[in-house]
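Here's the structure, in structure tokens; my notes come after.
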There are 2 protein chains.
Amino acid sequence: MLKKTNRVSLVDQVVSQIEHLIEGGQWPIGEKLPPEMELMEEFGVSRNTLREAIHALVHAGLLETKQGSGTVVRSSSALEAAFNRHIEKSNLIETLEVRLALEREAAEMAAKHRTDEDVKEIEECMAQCQDAAKKDDIEEFVKADITFHQAIVKATNNQLLQDLYEYMTDPLYSSIHDIMIMDIPFDYDKEIHHELVRAIREQDVEGAKKYVNEYIHAFKQRL
Amino acid sequence: MLKKTNRVSLVDQVVSQIEHLIEGGQWPIGEKLPPEMELMEEFGVSRNTLREAIHALVHAGLLETKQGSGTVVRSSSALEAAFNRHIEKSNLIETLEVRLALEREAAEMAAKHRTDEDVKEIEECMAQCQDAAKKDDIEEFVKADITFHQAIVKATNNQLLQDLYEYMTDPLYSSIHDIMIMDIPFDYDKEIHHELVRAIREQDVEGAKKYVNEYIHAFKQRL
DNA sequence: CACTCCAAATTTGTAGGATGATTGGGATAT
DNA sequence: ATATCCCAATCATCCTACAAATTTGGAGTG
């Protein structure tokens with residue numbers, strides 16, 4: 001039984017190298033890449049090969065090219081771009097439901113694993129929600145509320161969960177906004193999750209779970 | 001203020017056309033594409049342009065090329081490939097946790113939205129679990145159990161949830177297997193979720209939620 | 001000096017040709 | 001029938017040339 005040829009095409013090798021440069025931070029987001037000519041020499045490949053590699057990454061969402069100007073790093077995660085494309089073809093309710101699934105798990109995990117650092121950050125986010133509430137600025141409140149929820153997800157200490165939650169939140173922004181301000185007059189108090197923060201602070205897993213279940217149930221009613 | 005030029009590069013146009021052919025089913029999975037020469041004529045572009053387009057889709061996971069043989073359609077979803085690459089760099093526990101989050105939500109949604117068709121399918125999967133249990137064939141049981149859980153996810157009628165669950169299950173297969181057979185002697189009865197199926201059949205949302213919470217809690221203990 | 005405008009340089013986009021590498025199948029010999 | 005060899009088909013890589021878009025810098029003007 002012969003070993004499968006492990007031959008990797010030159011294009012794929014270049015793609016991998018560029019990916020590593022981006023993920024490793026050598027080429028941070030916004031960075032302008034050297035022109036094709038220089039990259040050809042650096043990687044030791046022809047222009048065609050280099051261009052196929054670059055365009056693969058453009059399509060993946062990592063790079064962005066503009067004729068006459070150059071190529072810049074656009075994102076460090078290919079998953080986000082793929083997600084956005086997939087969600088575009090999917091319906092928003094489905095995305096929202098999956099996001100709620102993540103949120104539910106996040107609350108429980110956050111209560112279990114949160115550090116003091118996390119609690120501090122979550123409370124700061126909640127304070128911003130209260131500021132916006134005082135000013136009766138709904139737009140700002142919605143933004144602060146979303147940041148608040150992301151802080152909780154961050155406290156799970158699960159990077160994948162955090163990434164997925166973020167990738168789903170952005171395309172849903174307008175929907176979340178519309179659902180939140182559905183009730184007029186807007187009841188700020190009900191939307192500020194004091195009880196959830198308390199549960200996370202005190203590592204009261206059951207309390208966090210219970211509160212989020214109620215919150216999500218109420219949220220789903222509005223769909 | 002001039003409108004931004006909406007010029008789309010030839011490469012991207014070709015990419016879109018091919019994507020549509022694949023998603024639309026004109027080029028089903030496994031289909032062999034015409035050789036580059038023909039595609040060049042069909043799309044009216046040069047070799048370089050066509051090859052950049054094709055390689056973008058290869059990197060996205062939709063196509064697969066083999067030198068000397070040809071190009072075939074590999075998948076109709078770019079998300080799966082992006083997911084696998086992302087998960088590779090992530091740790092398995094994190095992936096498992098996210099998968100459990102989806103599972104929890106799925107049980108509740110399945111109990112709510114399941115059709116008679118879904119119930120039938122779920123019960124068939126459970127029957128296969130029981131067959132494997134009777135034969136004391138652990139390997140087959142694990143496979144059947146995974147299929148059983150996927151049937152439940154399918155009953156949610158949420159395509160995105162179903163896709164994500166599937167994309168996460170495949171890379172986790174060996175982990176799930178190891179965790180399941182951790183307890184020796186293997187207790188088949190405990191692993192067959194009669195109670196869950198009953199709850200879904202009777203659309204007992206609370207019952208499904210409660211059972212899955214217990215099941216997931218027990219599962220997490222083993223991590 | 002400050003500003004405008006245009007031409008040149010830079011950079012990516014597209015085209016087409018040439019050659020190498022790999023695969024698969026058919027012809028041939030045993 | 002089997003095994004071997006050879007060749008056609010196909011993708012992989014490299015090369016040159018030109019087009020199109022953008023940026024840059026300098027000449028000219030007030």
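So you know, we letter chains A, B, ... as the sequences are listed, proteins then strands, and number each from 1. Predicted model, so just to flag it, every value in this text is computed and none were measured.
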What N/O pairs connect the protein and nucleotides 24-26 of chain D at under 3.5 Å? Give each pair on its own line.
none

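- Scored by the side chain to side chain donor-acceptor pair (under 3.5 Å) test, Q162(A) finds no partners at all (sequence neighbours excluded).
- Checked by atom type, the side-chain pair Q159(A)/H86(B) shows no donor-acceptor distance below 3.5 Å.
- Whole-Å rounding puts the Q13(B) CD to dG13(C) C1' distance at 12 Å.
- If you measure from atom CZ of F43(B) to atom P of dT14(C), you get 15 Å, rounded to the nearest angstrom.
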For residues 64-71 of chain A, which side-chain N or O atoms pair as donor and acceptor with protein atoms under 3.5 Å away, sequence neighbours left out?
none

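- The pair R47(B)-E36(B) does not meet the salt-bridge criterion, since no charged nitrogen lies less than 4.0 angstrom from a carboxylate oxygen.
- The list of salt bridge (Lys or Arg N to Asp or Glu O under 4.0 Å) pairs with a residue in residues 71-95 of chain A, not counting sequence neighbours, reads K89(A)-E23(B).
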- Message: Generate the contact string for nucleotides 10-17 of chain D. Rules: B means base contact, S means sugar-phosphate contact only, - means no protein heavy atom under 4.0 Å.
- Response: BBBBBB-B

Expected list for residues 101-110 of chain A: side-chain donor-acceptor pairs under 3.5 angstrom, two or more places apart:
unit_1: E103(A); atom_1: OE1; unit_2: Y165(A); atom_2: OH; d: 3.0
unit_1: E103(A); atom_1: OE2; unit_2: H149(A); atom_2: ND1; d: 2.5
unit_1: R104(A); atom_1: NE; unit_2: E105(B); atom_2: OE1; d: 2.8
unit_1: R104(A); atom_1: NH1; unit_2: N213(A); atom_2: OD1; d: 2.5
unit_1: R104(A); atom_1: NH1; unit_2: E108(B); atom_2: OE1; d: 3.3
unit_1: R104(A); atom_1: NH2; unit_2: E105(B); atom_2: OE1; d: 3.2
unit_1: R104(A); atom_1: NH2; unit_2: E105(B); atom_2: OE2; d: 3.3
unit_1: R104(A); atom_1: NH2; unit_2: E108(B); atom_2: OE1; d: 3.4
unit_1: E105(A); atom_1: OE1; unit_2: R104(B); atom_2: NE; d: 2.8
unit_1: E105(A); atom_1: OE1; unit_2: R104(B); atom_2: NH2; d: 3.2
unit_1: E105(A); atom_1: OE2; unit_2: R104(B); atom_2: NH2; d: 3.4
unit_1: E105(A); atom_1: OE2; unit_2: K220(B); atom_2: NZ; d: 2.9
unit_1: E108(A); atom_1: OE1; unit_2: R104(B); atom_2: NH1; d: 3.3
unit_1: E108(A); atom_1: OE1; unit_2: R104(B); atom_2: NH2; d: 3.3

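- Residues H193(B) and I152(B) form no side-chain contact, since every pair of their non-hydrogen atoms from C-beta on lies 4.5 Å or further apart.
- The shortest non-hydrogen separation linking L92(B) to P171(B) is CD2-O, 4.4 Å.
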